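Chain letters run A, B, ... following the sequence lines, proteins first, then strands; residues in each count from 1. The model shown is predicted, which means the values in this text are computed figures rather than measured ones.
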Amino acid sequence: MRDVVITGVGLVSSAGEGLEAHLAALAGGAPNTDAASFEPFPVHPAIPLEWDRQIPKKSDQRQMEPWQKLGCYAAGLALDAAGAKEDAALKSRMQLIVSAGGGERDYAVDGQILTGLRQADNPGVFLNERLMGDLRPTLFLAQLSNLLAGNISIVHGVTGASRTFMGEESSGVDAIRIARERIASGQDDIFLVGGSYNAERPDVLLIYEMGGFLWKKPYAPVWERPAEGGMILGSGGCFLVLESREHAAARGAKPLAAIAGVASDRRRRQPGSVEGALHGLSRQLGARPELVISGATGIKGITDEERAALKDIAPGAAIHATGDLVGHTMEAQAPIGVALAAGLIAGGGPSEALVTSIGHWRGEGAIRLTKA
Amino acid sequence: MALRDKQGRPLVAVTGMGVVTSLGQGKDDTWAALTAGQSGIHRIERFPTEGLRTTIAGTIDSVDVEPFCAPMLSERLAMLAAEEAVGQSGLASSDFPGALFIAVPPVEMEWPQREALAKASGQDGDVTYKDLLKAAASGDFRPWHDLFIFGTVADRVADRFGTRGSPISLSTACSSGATAIQLGVEAIRRGETDAALCIGTDGSVNPESLIRFSLLSALSTQNENPEGASKPFSKNRDGFVMGEGGAALVLENAESAKARGAKILGYVLGCGEKGDGFHRTRSSPDGMPAITAIREALADAGLAPDDIDYINAHGTSTPENDKMEAMSCTAVFGERMANLPISSNKSMIGHTLTAAGAVEAVMSLMTIGTGRIAPTINYQVLDPAIPLDVVPNVARDAGVNYVLSNSFGFGGQNTCLVFGAEPKGA
C-alpha cells in the first residue's frame, strides 16, 4: 500500500481565506458570527471574496449559487497551494470527489407562490404556471449536487473524472476515505477532494429547525451548549489535494502531512453509542493523537459523549472544535478539520492528529493524520 | 478458470439482480415487456399537467408511499429492487455481508410540505421563509428533517439489509447508477469487501423537477402519443422522457461467490470514466471524454473493441446525446459500428435519471443471459447522421458474450461499464 499525503489545502470560511488565516484564527478570539440576518438563528457568514481571483469568467460566476462559488473558489486555492494550477496535463488526470448537499432556491419566488396558492382556484395549475414562468432555467444547474464538481471541471480544468457523495457529514469523511483508498491501492495517483456549504440560506435553516437542531442564542463554544444544545451553521468551502508520496516527490510537491487512515461507520444512535463509536474508530486507526480537531456540533448528548471519549482516546492532547472556528459546515466539516490538522502538523506542532466527525443525526467518522 | 483478472485483481461476479420500472416489477416482467417492444410511457396522472409543455412520463404508479414525495418513492423503489436482488443471490436478507453504494436523486422539501408549513404558521398576508421557520419551531414537523436530508434513503436501505459500514450515497447525475456499480467493483477489487449491494433509484417525477428539465428544453414535448415520444437515434427525436425506476445488483468476489455455490449471472469486467470540462450540459464537440470513458472501460475489462457484441446505449432521445454517443462509439468501434447492435432501453422506460445506469446494467446482463437484444422502439425516421444498427422496433436473438453500457450526464459525467458472461480467455 502506498502512503497518501496532502500537498495542497484551499480553505475559505467566516474565519478568512487560506490556511494561514485559519491557523491564526485558531490561536484565539471569538468566531465571526452574524446574529442579525436570520435572527434568532446565528450563522457564521463567509467573508466577502473577490470571486474573480479564482473564478475568472463572470459567465461562470453567474451560473453558480454561493455554495458552488465557495467550493469552486476553495478548489482553486487548493490547486494553487499544491502547485498544480498551471499544469493542465496533471489536472486532466486528477480525480475529483466532492461531498455535497444541494443548492439554493429562489426564496422570493417560493414566498410568492405560497402566498398565491392559498387563494388559487386550482392550486396544481397555479403551481405549474408560476414555476414555468418564474423559475430561472439556470437555477436548476446551481442546485444539482454534482454540479459543484461540474463547475470545478469547467473553471479549473480538473477532468480526470468526478464523483459526488451526498449524506451530510458522513459524505465528507467518506470522500476522503475513498480517495485515500484509491491512491493507496495504486488505482489513481492524485485527487482533489472536498466540499462546501452555504449556511446563509433560509431553506437549510428550515430543515434543521424542523428537526430541532439549531442553537438560537448568542454564540457559545460547542462544548458549552450542553443544556439544550444546538448547532450554529457556517458557510465555507475546503478542498484538499491528496496524492501518493511518490507522485508528490516526483513532481517536487512538498507534503503538509500524511493521511494515515480514515474510518467511518453508522451506528444506531442511543445513549452511549457515539462514545462507543469513537473508541472503536480510534482503535481501528491505532490513534495516539497529540492534537484533536473535533467536528463536534454542539448538539446535546452526542457532544458530551464525544468529549468523554476524547478524554480517554487523547489524554493531554490539545482539542480544537472546528465549530468554534467556522461553525458547522456539514459536508465540508471533515475536509476543514483535515485541513486544519495538516496545517498544524506542517507548522512543526504535533506529529499526530485525529480529526473527528460525529454527524448531527447519523454517521461517525475519524481521520488520522501524521507527519509527512 | 482463474478467479482473478489479467491485472491480478479479484473478478467481480453478479449474483443477484432486481429491477422495477414503469413496465413492471421484477426483472423477468420488465425484460418480457422490453423485449416485446412495449412502452411504459403514459400521461401523467399524479399531478395536474395544465400549463406544462410536457405532460407524459414513465412514472411508477403502482407503488404507494406516504407521504408521497421523491425520497419516499425512491426509497421504496430501492427496497423493491434490492429485495429481489438479495433474494436471488441467496445471501442473508437482513445481514448483508458487504457495503452499500446507492445512487439517489438529490432531494429537498417539496411543495406539499412547504404549503403545510405556511398554513401552520398562521400567516395570512405574504408568506416568507420567516413564517415557515416559525412553524418549524413548533416541533410538529420533526420527521421531515430526516425525510429530506440527503443520507436518509441510504440509511434506511442499510438498516433493512444490514449492510456493513458507512453507506455511500452518490450522484453523478445521469450516470449515477453506473457509478454506484463502479464503486462496488473497486471496493471488491481492493479487497475491502467480498460483497457489495449497488443500487440506483429515482422516483422524482414531480411538478418542479419536471419543470426544471422542461425549462432547459431537455424534454420531449410530443405529448399526443406518449408511447411514441421517446425516439432515441431517430431524426425526429426531440428530447428525453422522464422515467422512474430502481435497480439493484449484488456484486461478489467471484472466488467467495463460487465457494458458497452461488449462481453467477455474469461479470462486471470493466469500468471507465472521464470528466468533461467543456460545458455544464453539453459535451465536448470532439467527443473525447466519452471516447476515453469507453476505451478505459474496454481496457479495464481486458477486451478489444472487436470483442463487444452489443452496446446498451445511454440513448436518451435528445438531439445532442444521441448524436454525440453515435460519434463516440464510431470513433472507438470504427466501421464495425454500422453493424454492431446498439439499442436504447429508454425508448420504452424513459430516462430513469439517477437509476438509469443500474437499470440498464441489469438489462445488459439479461441480454447476456437470454441471448436476446431488446429493441429501440419508435424508430421510424432514420437520421442519416447516425447510421447505426439500433435494433429497430423488434427484439433480436443473438449470442451476446460482452456488453458495453454507456452512461453520460450533466456536469461532464461519462461512465461506461463492460459486462461479460465470462472473463475473456476463461
Side-chain angles (χ1 to χ4, degrees), chain A residues 63 96 101-102 107 110-111 114-115 117 122 124-125 127-129 131-132 135 137 140-141 143-147 149-150 153-154 157-168 170-171 173-174 178 181-182 185 187 202-203 205-213 264-266 361-363 365, chain B residues 47-52 104 106 108-109 111 114-115 118 126-129 132-133 136-137 139 141-142 144-146 148-151 154-155 158 165-173 179 183 186 190 192 207-208 211-212 214-216 273-277 279-281 289 409-413:
Chain A
Q63 293 275 337
L96 179 56
Y107 306 103
D110 283 358
L114 286 170
T115 303
L117 275 170
N122 188 331
V125 176
L127 181 66
N128 289 349
E129 286 169 352
L131 290 174
M132 283 294 287
L135 282 185
F140 184 21
L141 299 175
Q143 287 175 316
L144 273 178
S145 302
N146 76 305
L147 259 290
S153 297
I154 289 168
V158 176
T159 55
S162 73
R163 302 180 194 173
T164 296
F165 290 179
M166 303 182 293
E168 291 70 41
S170 299
S171 66
V173 179
D174 286 327
I178 297 289
E181 285 164 356
R182 284 171 63 186
S185 67
Q187 185 189 345
D203 58 330
L205 292 169
L206 183 58
I207 282 287
Y208 296 110
E209 175 66 353
M210 285 195 301
F213 292 103
S264 61
D265 209 346
R266 179 195 68 103
W361 181 236
R362 66 167 66 95
Chain B
F47 52 84
T49 55
E50 285 93 332
L52 302 182
V104 290
E108 62 178 342
M109 207 160 55
W111 285 99
R114 284 186 204 106
E115 281 188 80
D126 287 349
V127 179
T128 69
Y129 270 83
L132 307 188
L133 280 160
F141 301 95
R142 200 169 285 269
W144 287 354
H145 157 264
D146 185 47
F148 292 110
I149 60 175
F150 293 88
D155 192 62
S166 179
I168 289 188
S169 308
L170 69 113
S171 174
T172 54
T179 304
L183 281 159
E186 291 172 351
R190 285 194 300 262
E192 287 163 25
E208 187 166 323
I211 287 167
R212 287 176 182 179
S214 192
L215 291 173
L216 290 176
E273 62 183 337
K274 180 68 186 143
D276 188 344
H279 187 269
R280 287 166 187 80
T281 58
F410 284 176
Q413 313 275 182

Assess the side chains of [X] and [Y]: does a donor N or O sit below 3.5 Å from an acceptor N or O?
| X | Y | result |
| --- | --- | --- |
| A:Asp110 | B:Tyr129 | yes |
| B:Gln413 | A:Asn146 | yes |
| A:Asp174 | B:Ser166 | yes |

Interchain contact, [X] with chain A, by part (heavy-atom threshold 4.5 Å):
| X | value |
| --- | --- |
| B:Ala154 | neither |
| B:Ser214 | side chain |
| B:Pro167 | both |
| B:Thr172 | both |
| B:Glu115 | both |
| B:Leu132 | both |

Quick check on the interface: out of [options], who has the most heavy-atom pairs with chain A under 4.5 Å?
| options | value |
| --- | --- |
| B:Glu186, B:His145, B:His279, B:Lys274 | B:His145 |
| B:Leu215, B:Thr179, B:Thr281 | B:Leu215 |
| B:Val104, B:Ile211, B:Thr128 | B:Ile211 |
| B:Thr49, B:Asp146, B:Asp126 | B:Asp146 |
| B:Gly51, B:Ala118, B:Ala137 | B:Ala137 |

Between [X] and [Y] (side chain of the first, backbone of the second, donor and acceptor by atom type, cut-off under 3.5 Å), is there such a pair?
| X | Y | value |
| --- | --- | --- |
| A:Asn128 | B:Glu50 | yes |
| A:Glu168 | B:Ile149 | no |
| A:Thr115 | B:Val127 | yes |

Checklist line | Check against side chain to side chain contact (heavy atoms under 4.5 Å, CB included), B:Arg280 and A:Leu147 | finding: CA-CA 8 Å; B:Arg280 287 166 187 80; A:Leu147 259 290; 3.8 Å; yes
Item checked: With sequence neighbours excluded, residues passing salt bridge (charged side-chain N to carboxylate O under 4.0 Å, His left out) with B:Glu108 ->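 For B:Glu108 the salt bridge (charged side-chain N to carboxylate O under 4.0 Å, His left out) partners, ignoring immediate neighbours, are A:Arg105, B:Arg212.
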Under 4.5 Å, counting heavy-atom pairs only, tell me which of [options] racks up the most with chain B.
| options | result |
| --- | --- |
| A:Gly150, A:Ser185, A:Ser162 | A:Ser162 |
| A:Val125, A:Leu127, A:Leu206 | A:Leu206 |
| A:Glu181, A:Gln143, A:Glu129 | A:Glu181 |
| A:Asp203, A:Val158, A:Leu96 | A:Asp203 |

Next item on the list: Against chain B, label A:Leu117 side chain, backbone, both or neither, depending on which of its atoms sit under 4.5 Å from a heavy atom there.
Entry: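 The answer is the side chain of A:Leu117.
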Could you state the interatomic distance from [atom1] ([X]) to [atom2] ([Y]), rounded to the nearest 0.5 Å?
| X | Y | atom1 | atom2 | answer |
| --- | --- | --- | --- | --- |
| B:Phe410 | A:Phe140 | CZ | CZ | 7.0 Å |
| B:Arg190 | A:Arg182 | CZ | CZ | 7.5 Å |
| A:Arg362 | B:Asp155 | CZ | CG | 3.5 Å |
| B:Leu183 | A:Ile178 | CG | CD1 | 6.0 Å |
| B:Phe141 | A:Ile207 | CZ | CD1 | 12.5 Å |
| A:Arg163 | B:Leu170 | CZ | CG | 9.0 Å |

Item checked: With A:Ala161 via side chain to side chain contact (heavy atoms under 4.5 Å, CB included) - residues at least two apart ->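 Side chain to side chain contact (heavy atoms under 4.5 Å, CB included) list for A:Ala161, sorted by chain: A:Gln95, B:Glu273.
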Less than 4.5 Å apart, any side-chain heavy atom of [X] and any of [Y]?
| X | Y | value |
| --- | --- | --- |
| A:Leu141 | B:Leu216 | yes |
| A:Leu114 | B:Trp111 | yes |
| A:Thr159 | B:Asp276 | no |

Item checked: Nearest atoms (heavy-atom pairs only) where B:Ala136 meets A:Met210 ->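 Closest approach of B:Ala136 to A:Met210: CB-CG, 3.6 Å.
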Notebook entry, point to check: Of the non-hydrogen atoms in A:Ser145 and B:Phe150, which two are nearest, and what is the gap between them?
Noted result: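 In this case the closest contact between A:Ser145 and B:Phe150 is OG-CE2, 4.0 Å.
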Next item on the list: Verify side chain to side chain contact (heavy atoms under 4.5 Å, CB included) between A:Phe165 and B:Ser171, making sure each step is shown before the conclusion.
Entry: CA-CA 6 Å; A:Phe165 290 179; B:Ser171 174; over 6 Å; no
